[in-house]
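A quick note: this is a predicted structure, and the numbers were derived from the prediction, not measured.
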Amino acid sequence: MQYVIEYQIRTAGLTHDQNLDNQDALLKAFGKWTPEEGLTVNAFLSNLNNGGYVLVEADDPNVVYSFVSKFVYWNDISVVPVVDVADGVANGAKSLAWARAAASG
């Protein structure tokens, strides 16, 4: 299963010094992180607004949870399960056919 993880580094409500300390702690922690067993990181991207996106694959959602839970102390995180667009289109076509058949009779 693939997941898109969006993260935003938390800064609201912190003083200038707290933000600096927060950033320092996050960089130290991230420098010690290695991907969990069973987690494949396909892309790890920074956006231009103090956050970013991670595209990962894992058979067990607990592996994804293990990853994101390590960084909730510094980041606001959203995890969205995703499928390849070709699979989404195929499923959408089947669902549309079912809905039309169900609604016609």
For residues Tyr3 and Pro61, determine if any side-chain heavy atom of one lies less than 4.5 Å from a side-chain heavy atom of the other.
-> yes
Do Asp84 and Gln2 come close enough that some side-chain heavy atom pair is under 4.5 Å?
-> yes
Non-hydrogen side-chain atoms of Gln23 and Lys28 separated by less than 4.5 Å | no
The remaining residues in the hydrophobic cluster of Leu55, counting side-chain heavy-atom contacts under 4.5 Å among Ile, Leu, Val, Met, Phe, Trp and Tyr, are Val4, Val80, Val82
Decide whether Asn49 and Asn47 meet the rule of one side-chain donor and one side-chain acceptor closer than 3.5 Å.
-> no
Between Met1 and Pro81, the two heavy atoms sitting closest are CE-CB, 3.3 Å
Output the distance between atom CG (Asn91) and atom CH2 (Trp98), rounded to the nearest 0.5 Å.
-> 14.5 Å
Minimal non-hydrogen separation, Tyr53 against Tyr7, with atom names | N-CE2, 3.5 Å
Distance col, row Asp60:CG vs Ser66:OG, nearest 0.5 angstrom, shows 9.5 Å
Would a 4.5 Å heavy-atom cut-off, applied to side chains only, mark Ile5 and Val68 as touching?
-> yes
For the residue pair Val63 and Glu36, what are the closest heavy atoms and their distance?
-> CG1-CB, 3.9 Å
One should read off an interatomic distance between Thr11 OG1 and Asn22 CG, to the nearest 0.5 angstrom, of 8.5 Å
Do the side chains of Leu26 and Leu20 join up, straight or via other hydrophobic residues, at under 4.5 Å, putting them in one cluster?
-> no
Do Val83 and Val79 belong together in a cluster built from hydrophobic side chains that touch within less than 4.5 Å?
-> no
Trp74 and Phe30 aromatic centres sub-6.0 Å | no
Nearest-0.5 Å distance, CD of residue Glu6 to OG of residue Ser78 = 6.0 Å
Asn75 to Arg10 - nearest heavy-atom pair and separation = O-NH2, 2.7 Å
Is there a donor-acceptor pair under 3.5 Å between the side chain of Ser69 and the backbone N or O of Tyr65?
-> yes
Residue pair Glu57 / Asn42, side-chain heavy-atom distance below 4.5 Å = yes
Greater than 12 external heavy atoms within 6.0 Å of Asp59's CG = no
Under the 4.5 Å side-chain heavy-atom rule for ILVMFWY, direct or indirect, which residues accompany Leu14?
-> none
In this structure, are over 12 heavy atoms from other groups packed under 6.0 Å from Phe44 atom CZ?
-> yes
Is Val72 reachable from Val54 through a run of I, L, V, M, F, W or Y residues, each pair having side-chain heavy atoms under 4.5 Å apart?
-> yes
If two hydrophobic side chains count as joined below 4.5 Å and joins carry through other members, does Trp33 share a cluster with Val64?
-> yes
